[in-house]
Amino acid sequence: MSTPHGTGDSRGEARQEAAQRHLQATAHRHLWLHFTRMSSYAEANMPVIVRGSGQYVYDERGKRYLDGLSGLFVSQVGHGRAELAEAGARQASELAYFPLWSYAHPRAIELAERLAALAPGQLNRVFFTTSGSEAVESAWKLAKQYFKRIGQPGRYKVISREIAYHGTSMGALAITGLPGIKEPFEPMTPGGVRVPNTNFYRAPHFVAGDLEAFGRWAADEIERAIEREGPESVAAVFLEPVQNSGGCFPPPPGYFPRVREICDRYGVLLVSDEVICAFGRLGYYFGSQRYGYQPDIITFAKGVTSGYSPLGGMMVSDALMEPFGSGRADISGFESPRHVGHAEGPGSGGTATFLHGVTFAGHPVSCAVALANLDVFEKEDLLGNVRSHEAAFRATLEKLSDLPIVGDIRGDGYFYGIELVKDKATRETFTDEESERLLRGFLSPALYDAGLICRADDRGDPVIQLSPPLTCTQEHFDEMEQILRSVLTEAWSQL
Ligand SMILES: Cc1ncc(COP(=O)(O)O)c(C=O)c1O
């Protein structure tokens, strides 16, 4: 763009161009992106996102994108919130770091109390981590050690659903139900057992068309798995409220009550993996609250800080803590702390230690940010925003049903998957080669070029996933629908 004075701006533009080229060259030389076929960038620029504001992010050229995925199911309150950044900065000046090994710090205490007040039932105890994988890993380790402590040492197996993603560390990977991302790391940690998920669109013929019967069957498959494996060997069932991977499978009515019943009957722990589904994604602080079930453990991460600093954790019931000693104290009689060293910890009022921890878990800056994040939830009634707009979000996405490539639109709250099919009438899906060409070759770059961040995923059947910031309203739903309509129409014409 030229200016009346000519050279000033063009010199600026040249400098900017050079800086962008340098950034790309450096990224190509030194950066390794996660779950990314790096060779696909051999001849192409990597997308570089440099800033965010509200529901939008901007690349290094200043182009704007609607963040239809909240980064990676993370940015609940949206981007560019000064109050969250300032909360982190204040905490870093006061106490940047101290571990939760033997010590506590005020922000972790305050956040634990606040989360306990928001969580369902007796989930009063928070064990912080830095990520979702660590939260899942921690929940499995706790389940194993818990059963050893109560005299049932044979319980170590975990049941989870096909295609479900629960993280990438070796324990979490063993719980994950995606064979493709496990194969390079075999042999797996022993104990992972798979059951069917709640993909009603692909329900087996004997329950197709009857959602409740399908839900009962899918839940009963958990009981059959427990029986098959031997109930005395099963520690926990890990389920997301809405399964993400595969493209948003909500639970059929009656599914979770039945699962709860089964877990109770066999003495198996029910872990609700809410790394995505907590903190407003489904219009509630926790996804289990939306569907009315009581987990023994909730794992969380992502939205707890809206991504302004990393944090994860698990919330556990008082009953689960009991074999480790409650840690509760009569406040009035509490004097100076006793230091017993890291291995045992000063507060080990009971007789055992949960032998697990990570250096940055419950980082003071992240806890301060999480508290500020929850303040925004309250001040702006974000749960209310999701609940009052979710029907409009669904209705806007459902307009896409007239496209021949759109097979199914499913989800709840601000969390949707759109399954793409080759033949709508028969629900025939794409071959691996078509899916590769369609998703990687066309849809992902085309949606990005059209200004929408979302996810074209073929870990199950091909789907497009949407999970926008909780502040979105009709104008954003319309923008998503319009971009998807135009790109999906083009995709169909290329098939
Ligand atoms: C349900 C679920 N569990 C666990 C994880 C792993 O979380 P992280 O990537 O923070 O390790 C994810 C990540 O997307 C997830 O969706």
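Just follow the structure's listing: the first ligand is 1, and inside any ligand the first atom is 1. Position 1 is the first residue of the sequence, and the numbers go up from there.
- A donor-acceptor contact closer than 3.5 angstrom is absent between the side chains of Thr130 and His363.
- Across every non-hydrogen atom of Val369 and Ser309, the tightest pair is CG2-CB, 4.1 Å.
- Between Phe286 and Phe279, the gap from one ring centroid to the other is short of 6.0 Å.
- Of all heavy-atom pairs between Pro468 and Tyr414, the closest is CD-O, 3.4 Å.
- For Tyr448 and Tyr65, the ring centers sit closer than 6.0 Å to each other.
- In this structure, Phe393 has its ring center closer than 6.0 angstrom to the ring center of Tyr416.
- Contact shell of ligand 1 (protein heavy atoms, cutoff 4.0 Å): Ser131, Gly132, Ser133, Tyr165, His166, Gly167, Glu240, Asp273, Val275, Ile276, Lys302.
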